[in-house]
Amino acid sequence: MSRALALIDGNSFYCSCERVFDPKLASVPVIVLSNNDGCAIARTAEAKALGIRMGEPYFKIRQMCRAKGVRVFSSNYTLYGDMSSRTNAVYRQFARDVEVYSIDESFLDLSDVRERDRVALAKDLRATVRQWTGIPTCVGIGPTKTLAKLANHIAKAVPELGGVCDLTDEAERAAWMVGISVGEVWGIGRASLARLTAMGVDTVADLRDLDPRPARQSLTVVGERIIHELRGRACLPLESVPARRKGCAVTRSFSSRITEREVLEQAVAAHATRLGEKLRRDGLAASVVTVFYHTSEHDRGDPMRSVSTVVHLPEATNDSRHLIQAAIHGVAKTWKEQGPTPWRYSKAGLVTTDLVPLDQAPRPLFDALDRERSGALMAAMDACNSRFGRGAVVPARAGLVAKRTWSTKFEMRTPRYTTWVSDLPVAKAVLAPAGHPHP
DNA sequence: TCTGGGGTCCTAGGACCC
DNA sequence: TCTGGGGTCCTAGGACCC
């Protein structure tokens, strides 16, 4: 039986999550903003129709949103993450193998489903996901990941298809490809698009017809693979077991500019605390941390400064206290005082790229860090925070300053409906008086 | 006034080794 | 007239993704 993959994704996923818990949002324009309520990162069809672009800064469209009745939300990642795992639980009932590709997209292996049954199965899947989670989806089917992605794009763009597009048939595929811009292909970004346009490659069909080997010159092996995939030859396997992550970063823009060393230290200490949580969740440890902070490119006229420094830890660790120490050391060794107009820093972060499983990390002959005690202490801290909420217990260094003026803004965030008991939505049932229609 | 965060992969070039 | 060649590893930067 031929290989068949499906790509299913949530339509305007973050917005759809908000709609699930507020029926009044059903047919009005909705957008969800990035951290600090900075940019629009999810838009419903109604919002797109108003001309709101992906990544559009919110301050530029605030007035328009007010005037047009756009409902605006801060991002609620706790909610979206939970809704994501619910949709994936449904996918797993329909496919023998599932690769969770991102928070709102998954590849499904449908190779064991008869070719003529695949579209019906996909429609059944959509309906089930809609009924069980409330999330609307689209499905693209094809013999390779790149073709399944393309099919998904068509399913979204052509409503008459009913949310499902199957590109298994080669002739049908070819017919679609002549009408779609090459920029829609998965893996073709701005730079490749410019190069292809210069070469006279405008449609997906044009790209498919390039000779793969010479195409490597301008598009690297990535482009060569894409051409093979467009021709139906699979180069990208389904990865149902997630690969171990290689790096981990915690970076944030401040909600207001920072000029004082003490405040910057506190911010990187908070980032280090979060980094430790993420590493411990995956059982990983880092032995090198890159600390960076910089002024904003938007603050034209202000003095600019961008700092990035590498701090080595005595051995691989995921103990928040060690990471905090490293983060503060990174600030200490790079901090500069400047006279009358101090630098106004807009963002800071920590980046690790050398992660290893903690239990496989080499240990020095004479331990610099007491790993056993550290593990027990961190586990206790994580348990408290999971029970009482993140930040219930933090290392003193990361929590001493009461007023955190730099903390990320989420001024329009909805409750954690599905993951926090006190935030559970309340449904009220009203009994209609006899003889009256149901209200 | 106000412009996100977190990943992966690839390539080129330098350091180093035999 | 002078010139090595070929391998690995690491890093920085670019490109792309959601």
Side-chain angles (χ1 to χ4, degrees), chain A residues 7 9-14 31-43 52-63 65 72-77 80-81 84 99-107 145-146 149 152-153 182-196 216-226 235-236 239 242-257 271 274-275 278-279 282 284 288 290 292 294-300 302 306 308 310 344 346-355 405 407-412:
Chain A
L7 177 77
D9 72 342
N11 304 344
S12 317
F13 183 66
Y14 295 173
I31 62 173
V32 172
L33 304 176
S34 63
N35 277 355
N36 277 320
D37 297 338
C39 310
I41 52 168
R43 309 103 74 217
I52 301 174
R53 288 189 311 262
M54 180 67 178
E56 180 116 50
Y58 178 50
F59 74 90
K60 287 187 180 170
I61 53 172
R62 182 179 289 150
Q63 295 308 319
C65 287
V72 182
F73 295 93
S74 307
S75 25
N76 184 346
Y77 293 111
Y80 311 150
S84 172
E99 173 185 338
V100 179
Y101 176 68
S102 74
I103 193 164
D104 75 324
E105 280 176 83
S106 293
F107 286 101
K145 283 185 163 178
T146 306
K149 273 286 231 181
N152 180 277
H153 167 76
V182 69
E184 303 296 340
V185 173
W186 188 39
I188 301 298
R190 231 182 21 192
S192 304
L193 179 62
R195 229 170 268 147
L196 288 167
R216 213 167 162 154
Q217 289 296 317
S218 45
L219 301 174
T220 78
V221 293
V222 178
E224 186 183 0
R225 260 196 312 249
I226 290 173
C235 303
L236 305 168
E239 294 175 75
R244 200 182 82 206
R245 69 150 92 211
K246 301 182 167 113
C248 185
V250 177
T251 71
R252 292 281 182 284
S253 296
F254 308 126
S255 56
S256 57
R257 303 287 186 253
H271 294 353
R274 180 80 191 106
L275 179 65
K278 288 169 77 174
L279 293 180
D282 294 347
L284 298 171
V288 178
T290 300
F292 76 81
H294 57 68
T295 55
S296 170
E297 50 197 68
H298 300 294
D299 291 348
R300 271 184 268 278
D302 280 8
S306 180
S308 174
V310 174
R344 300 169 65 241
S346 66
K347 181 173 182 175
L350 304 177
V351 182
T352 63
T353 52
D354 68 332
L355 302 184
T405 52
S407 297
T408 312
K409 261 195 320 198
F410 295 97
E411 285 175 352
M412 298 161 280

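Residue numbers begin at 1 in each chain, while the letters A, B, ... track the order of the sequences.
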Scan [X] against the nucleic acid and name what it touches under 4.0 Å (heavy atoms): base, sugar-phosphate only, or nothing.
{"X": "A:V250", "value": "sugar-phosphate"}
{"X": "A:E56", "value": "nothing"}
{"X": "A:R274", "value": "nothing"}
{"X": "A:I103", "value": "nothing"}
{"X": "A:V185", "value": "sugar-phosphate"}

Compare the minimum distances between each of C:dA15, B:dC10, B:dC9 and the side chain of A:K246, then state the nucleotide with the smallest one.
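Of C:dA15, B:dC10, B:dC9, B:dC9 is nearest to the side chain of A:K246.
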Compare the minimum distances between each of B:dC10, C:dC16, B:dG7 and the side chain of A:R225, then state the nucleotide with the smallest one.
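Output: B:dC10.
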Rounded interatomic separation in angstrom, taking [atom1] from [X] and [atom2] from [N]:
{"X": "A:R195", "N": "B:dT11", "atom1": "CZ", "atom2": "P", "value": "12 Å"}
{"X": "A:L350", "N": "B:dG6", "atom1": "CG", "atom2": "C1'", "value": "13 Å"}
{"X": "A:R245", "N": "C:dC18", "atom1": "CZ", "atom2": "P", "value": "19 Å"}
{"X": "A:H271", "N": "B:dG6", "atom1": "NE2", "atom2": "C1'", "value": "13 Å"}
{"X": "A:L193", "N": "C:dG14", "atom1": "CG", "atom2": "P", "value": "19 Å"}
{"X": "A:H153", "N": "C:dC18", "atom1": "NE2", "atom2": "P", "value": "12 Å"}
{"X": "A:L236", "N": "B:dT8", "atom1": "CG", "atom2": "P", "value": "16 Å"}
{"X": "A:L279", "N": "B:dG6", "atom1": "CG", "atom2": "P", "value": "12 Å"}

Polar atom pairs between nucleotides 1-4 of chain B and protein, under 3.5 Å, N or O only, would you list them?
from, atom 1, to, atom 2, distance (Å)
B:dG4, O4', A:S34, OG, 2.9

For a quick test of reading the model: is some side-chain N or O of A:K278 closer than 4.0 Å to OP1 or OP2 of B:dG5?
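No, because none of the side-chain N or O atoms of A:K278 sits under 4.0 Å from OP1 or OP2 of B:dG5.
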Under the criterion side-chain contact (heavy atoms from CB on, under 4.5 Å), I'd like the reasoning laid out for A:I226 against A:V185: C-alpha separation, chi angles, the key distance, then a yes or no.
CA-CA 8 Å; A:I226 290 173; A:V185 173; 3.7 Å; yes
Between which residue ranges does DNA chain C form stems of three or more consecutive Watson-Crick or G-U wobble pairs, both distances under 3.5 Å?
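So far as stems of 3 or more pairs are concerned, DNA chain C shows B:5-18 with C:5-18.
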Begin with the C-alpha distance, continue with both residues' side-chain angles, and end with the deciding distance and a verdict on salt bridge (charged side-chain N to carboxylate O under 4.0 Å, His left out) for A:D299 and A:R257.
CA-CA 10 Å; A:D299 291 348; A:R257 303 287 186 253; 2.7 Å; yes
Relative to each other, are the rings of A:Y80 and A:Y14 parallel, tilted or perpendicular (30° and 60° limits)?
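Judged by the thresholds at 30° and 60°, the geometry between A:Y80 and A:Y14 is parallel.
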Using the ring of each side chain (for Trp, its six-membered ring), is A:W186 parallel, tilted or perpendicular to A:F107, with breaks at 30° and 60°?
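Ring orientation, 0 to 90° scale: tilted.
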A:K409/A:D37 salt bridge by N-O under 4.0 Å criterion:
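So A:D37 does not pair with A:K409 through a salt bridge.
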Under a 4.0 Å threshold between the charged nitrogen and the carboxylate oxygen, would A:R244 count as salt-bridged to A:D282?
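Salt bridge: no.
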So A:T352 and A:D354, side chain to side chain donor-acceptor pair (under 3.5 Å) or not? Walk me through it.
CA-CA 6 Å; A:T352 63; A:D354 68 332; 5.4 Å; no
Roughly how far apart, to the nearest Å, are B:dC16 and C:dG4 at atom C1'?
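16 Å, rounded to whole Å.
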Just by distance, no angles: are the side chains of A:T408 and A:N35 close enough, under 3.5 Å, to form a donor-acceptor pair?
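Checked: A:T408/A:N35 side chains show no N/O donor-acceptor pair below 3.5 Å.
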Mind checking what makes side-chain contact (heavy atoms from CB on, under 4.5 Å) contact with A:E56, not counting sequence neighbours?
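Expected list: A:R53, A:I61.
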Mind listing the closest non-hydrogen atom pair of A:L219 and A:S192 along with its distance?
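That would be CD2-CB, 4.0 Å.
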